[in-house]
Chemist: 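The structure under discussion is supplied below as structure tokens; questions concerning it will follow.
For clarity, every value in this text was computed on a predicted model and none was experimentally measured. Quick note on labels: first sequence line is chain A, next is B, and so on, each numbered from 1. Heavy atoms only: backbone and side chains are in, while hydrogens, waters and symmetry mates are out.
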Amino acid sequence: MIKKVLTIIAVWLPSILILGFLDQPERLGMEGIPALGPLLSPSHGYLQNGAKASELSYWNTDLLEVNSSSFIIRDQHHIPHIFSDNDLDAYQLQGFVEAVDRFWQMDFIARATAGRLSEIFGAKAIDYDITQRKKGLLRASKSILKKWKTYPESYAILQAYTKGINTYYSQLNSTNLPIEYKILGYQPEPWTELKTALFFKYMSDILCSMESDLERHDIKQIIGEEQFAFLFGRKNQKDIPVIPTDYSDSTWLPPTDHLPDSSGIQKLGFARPFKKYPSGLGSNNWAIAPDKSENNQAILANDPHLQLKLPSIWYLIHIVTPNQNAMGVSFPSAPGIILGFNEEIAWGVTNVGQDVLDWHPVQVDSAKAFVFLGKDTLKGTWITDTITVKDAKDIYPQTLWTEHGPVWYQKSEQHATHALMKWIAHEPGDEDDLSVFPGINKASNLAEFNAVINKYESPAQNFVVATSEGDIALKVQGDLPVRKKDIGNKFDQLNGSEDLWKENIPDNRLPYAQNPTQNYLASANQVSTDTSYPYRYFIGDNRSERGRTINKELRQKEKVSIQDMKDLQLNSFHISAYEFIQSTSTFLKGKGKEGQLLLDWDGRHLTESKAATLYSMWFLSLRKMLFDEWNYLEDYIYPDMWVIVDLIQHQREHPVFDIIATKDITENCEDLLELSWKETMSNWGAMDEKEWYKYRATTIPHTIGLLKPFGIQEVKSDGTGKAPLALTRTVGPSWRLIHQPGSDQPALGIYPGGQSGHPGSPHYTDFFEKWRTGEYLELNIPSSPDQVDHVKEVIQLNP
Amino acid sequence: MRNILLHISVFVLTAWIATVFGGWWGIWVGGLLVGIISWLENKQGILWSFIGGFAFWLIWSTLLLQDGGHLIHGKIAELLNLSSSWLLSAISAFLGGLLGLLGYLAGRVFRL
């Protein structure tokens, strides 16, 4: 009997262990290994995530409850064309198709923003989640959702959209789960309206946290006020602001009373408690008036520059109801079309280089939750978060919140220990901003467009529009704080809470231009206004190069064509690089074939260019030596490129050229050019592959970088961050649009990815090659289902 | 021959039902039932249960590959650091066979 029992155990034990390992390896202590049993089984595994997972016919669309006759028609590019007699039905269907293609991406971004990645990745994501909670994005999302509920019409749109997503969610099971859930071993959950709010705050985090106040503060402490003002405080006279308006005669003045006592300037700064997003984030947009357009119709072009990932952040969609016929890209997670066109208008945005995040030193009495800001005592509240950690106990980090924002703490000998973070992203605003993009989709002229965008709050954007009536306009729209003079561009010691911003620039004082005499408007994240504008809102990082190139190209043409627009979007000329080479031409003449390579170079960052690589290596080496005073700081910043060119051209003996480490020698410009050239040449000789695209090494990874095969490992394309074709290692044109509203020509659009977020779908990256080679899709907006070309799938729904 | 065919039929039917109503491990249940019933009283039963599991997963996978699964197949092979996607197919099929075999042994032990 015992022998029989032991035999049974001996035979069953391998089964139990192997089945256990294949199903839940982490329970056997094997972290990081996917559950191979479900993953490899044909019934439940990856082979169920083939092409058909993206097909609408795979899903039960009868579960969609519509009140009117509706169609979803997929074309050859997997673009859904939604036709409905009812707006809310259309948004429900939008939610459904976006979920079919992108549910995992939507769910993941919401969790990441909310600081819930520990639920998926376990303990290694705890630090990330704690930071996200302290940043307050989840809290801010709840506030904005509460506001949205006070606007019933717009809220109904969100509810319809959510319902559509959950119609997809309700059909998920262990077989048809998106592959990422299977590999990472976690379950999806229903979509909620809060997740749409989280997505809006995700974009706020990317687009309005670009200030460098803390870094500037530290650098100023190291090099002194005068040196800092010389390197960072001057204006580039060649810069061309977005809005060509002189505000000198305005009577608007920012408050100047109760200026803080600057003699008490905080000697110690505060180390930034989280990493910034990569540089290069930004966008281009421009609009051409009919008088400047070759065929006398207004033209619009827009290309936003975001981190390039797969699935793409954008999703092409076309929506037709009795109130709208609009097409463009949406954000899967939010209803409406964000960038695009309809029968009468085309619109686009670029990010305003906005400083809407301020840091201030404070003292804290933790036990009483008092925060001492200057002379004021703020009563804070300790908020405890709960973070669920996979395979571990929950953790409960605490943050001290005041009415103005959270207090950050760091243990440091060199820096201050507490800082108050005041950030526009924490403010829910009071406008019906959820209605903005659905409203734009229906706008038929400039007046309607302007009326809608007035409700848009954050993050502030340069909205450009062109209309079939021939109007062009550009508005800096959003919440931009009114600060006291000189507050908010460093680690400010304040007198008290009265020095914090209390209101935003009124809507009627936001920069705006329409139908200018120059016959075009263009923005490329350069400063939106000139120095006559009385309010400070700009981050000070004067990324003027793209704007200068775009303005130069547009100014020198009397008439502009669609081809010119394409050429400009694909222009890889780096104006500051060209100026840098010109300023060092005497030096380069004595530098053999490499020097001649640069002298012959025209400044364009073409795919195979070796000159672009050589320039970049040399410039980076020089810049590191030039600013050795502070380049040991983490995430340090540099003066704008024009400052470096100016130093080389006009200030060759400036003390900044001196290398600190060489105490007995005082280097000048010539010395640093020589030293940096020598360093560059030693690296240049050792390089096998000198082509620009190899050196730039752009990739388009999957949202989860570890899933390398789901990304694109090499992008063989022209472009560099400061050219109109703004492509860096991680950031690039995430969408391109060119359109003449009202013309019979199709719009041109493309993005580097594909409609489907399923790596097993042929539509996962089918747009990439066109985008890489500068081609576009032709986008038409048929007004009825029978006019859709190249139909692949039709779903008809009836009430 | 008739016994072998019966064996395989019971195996496949049980595995299929257990997969549909149970989970990915249904093939082990197929092997378990055959092991319990033990139509073949000699060691060739082991081989057939392995072959049954191997073929069951291989045929099903091949059908799915034909039906648009080849793109994801290649990517998963790369993710698992396999030098070719054929290797992934082989490993998956082997796993099916192994599960069938383990199920058979677990069931066969009751016949001791």
Chemist: How many angstroms lie between atom CG of Leu39(A) and atom CG of Leu95(B), to the nearest 0.5 angstrom?
Modeler: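 If we round to the nearest 0.5 Å, Leu39(A):CG and Leu95(B):CG are 10.5 Å apart.
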Chemist: Taking all non-hydrogen atoms of both residues, which atom of Ser92(B) and which atom of Leu40(A) are closest, and how far apart?
Modeler: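 Closest approach of Ser92(B) to Leu40(A): OG-CB, 3.9 Å.
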Chemist: Counting only heavy atoms closer than 4.5 Å, note whether Thr175(A) contacts chain B via side chain, backbone, both or neither.
Modeler: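 Neither part.
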Chemist: Pick whichever of Ser15(A), Gly50(A), Ala10(A) has the most heavy-atom pairs under 4.5 Å with chain B.
Modeler: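 Counting heavy-atom pairs under 4.5 Å, the top option is Ser15(A).
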Chemist: Under 30°, 30 to 60°, or over 60°: which ring-plane class applies to Trp12(A) and Trp28(B), parallel, tilted or perpendicular?
Modeler: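 Rings of Trp12(A) and Trp28(B): perpendicular, as their planes differ by over 60°.
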Chemist: Go through Ser174(A), Ala51(A), Gly760(A), Pro709(A) and name the one with the most non-hydrogen pairs under 4.5 angstrom from chain B.
Modeler: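 Of the candidates given, the most pairs with chain B belong to Pro709(A).
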Chemist: Under 6.0 Å from the CG atom of Leu706(A), do we count more than 12 heavy atoms belonging to anything else shown?
Modeler: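 No, the 6.0 Å shell around CG holds no more than 12 heavy atoms from other groups.
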Chemist: Going by the salt bridge (charged side-chain N to carboxylate O under 4.0 Å, His left out) test, which pairs reach into residues 697-714 of chain A, not counting sequence neighbours?
Modeler: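 For residues 697-714 of chain A: Lys694(A)-Glu714(A).
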Chemist: Is Ile27(B) close to chain A through its backbone or its side chain, or both, or neither, when contacts mean heavy atoms under 4.5 Å?
Modeler: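 Ile27(B) has no heavy atom closer than 4.5 Å to chain A.
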Chemist: What are the two closest heavy atoms between Leu105(B) and Val11(A), and how far apart are they?
Modeler: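 So the minimum-distance heavy-atom pair works out to O-CG1, 3.3 Å.
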Chemist: How far does NZ of Lys75(B) sit from NE2 of His702(A), to the nearest 0.5 angstrom?
Modeler: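 If we round to the nearest 0.5 Å, Lys75(B):NZ and His702(A):NE2 are 9.5 Å apart.
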Chemist: Heavy atoms only: give me the nearest Pro759(A)-Ile72(B) pair and the separation to one decimal.
Modeler: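 That closest heavy-atom pairing would be CB-CD1, 4.0 Å.
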Chemist: Taking the side chain as every heavy atom from C-beta outward, state whether Trp25(B) and Leu22(A) have any pair of such atoms under 4.5 Å apart.
Modeler: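 No, too far: nothing below the 4.5 Å cut-off.
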Chemist: Heavy-atom distance under 4.5 Å to chain B: side chain of Ile18(A), backbone, both or neither?
Modeler: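 Contact with chain B involves the side chain of Ile18(A) alone.
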Chemist: Measure Trp16(B) against the heavy atoms of chain A and call it side chain, backbone, both or neither at under 4.5 Å.
Modeler: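 Neither the backbone nor the side chain of Trp16(B) comes within 4.5 Å of chain A.
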Chemist: Counting only non-hydrogen atoms closer than 4.5 Å, does Leu80(B) touch chain A with its backbone (N, CA, C, O), its side chain (CB onward), both, or neither?
Modeler: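 For Leu80(B), side-chain heavy atoms alone lie under 4.5 Å from chain A.
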Chemist: Name the region of Leu99(B), side chain, backbone, both or neither, that has any atom closer than 4.5 Å to a heavy atom of chain A.
Modeler: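 The answer is the side chain of Leu99(B).
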Chemist: So which of Leu47(A), Asn49(A), Leu707(A) has the biggest tally of heavy-atom pairs under 4.5 Å with chain B?
Modeler: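 Between Leu47(A), Asn49(A), Leu707(A), the count favours Leu47(A).
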Chemist: Run the numbers on Leu19(A) and Leu102(B) for side chain to side chain contact (heavy atoms under 4.5 Å, CB included), then give the verdict.
Modeler: CA-CA 10 Å; Leu19(A) 281 170; Leu102(B) 284 172; over 6 Å; no
Chemist: Could you please state which residues from residues 177-184 of chain A sit under 4.5 angstrom from chain B, measuring non-hydrogen atom to non-hydrogen atom, sorted by number, or 'none'?
Modeler: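 Within residues 177-184 of chain A, near chain B: Ile179(A), Ile183(A).
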Chemist: So which bits of residues 50-62 of chain B come within less than 4.5 Å of chain A, counting non-hydrogen atoms only?
Modeler: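 The list, in residue order, reads Trp57(B), Trp60(B), Ser61(B).
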Chemist: For Ser43(A), which atoms come within 4.5 Å of any heavy atom of chain B: side chain, backbone, both, or neither?
Modeler: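 For Ser43(A), heavy atoms of backbone and side chain both lie under 4.5 Å from chain B.
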Chemist: Rounded to the nearest 0.5 Å, how far apart are CG of Leu64(B) and NZ of Lys52(A)?
Modeler: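 Those atoms lie 5.5 Å apart.
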Chemist: For chain A, which of Thr19(B), Ile76(B), Leu101(B), Val20(B) has the most heavy-atom pairs under 4.5 Å?
Modeler: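 Sorted descending by pairs with chain A, the first entry is Ile76(B).
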Chemist: At a heavy-atom separation under 4.5 Å, does Leu79(B) approach chain A through its side chain, its backbone, both, or neither?
Modeler: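 Its backbone and side chain both get close to chain A.
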Chemist: Counting a contact as any heavy-atom pair under 4.5 Å apart, which residues of residues 96-105 of chain A contact chain B?
Modeler: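 From residues 96-105 of chain A, none sit under 4.5 Å of chain B.
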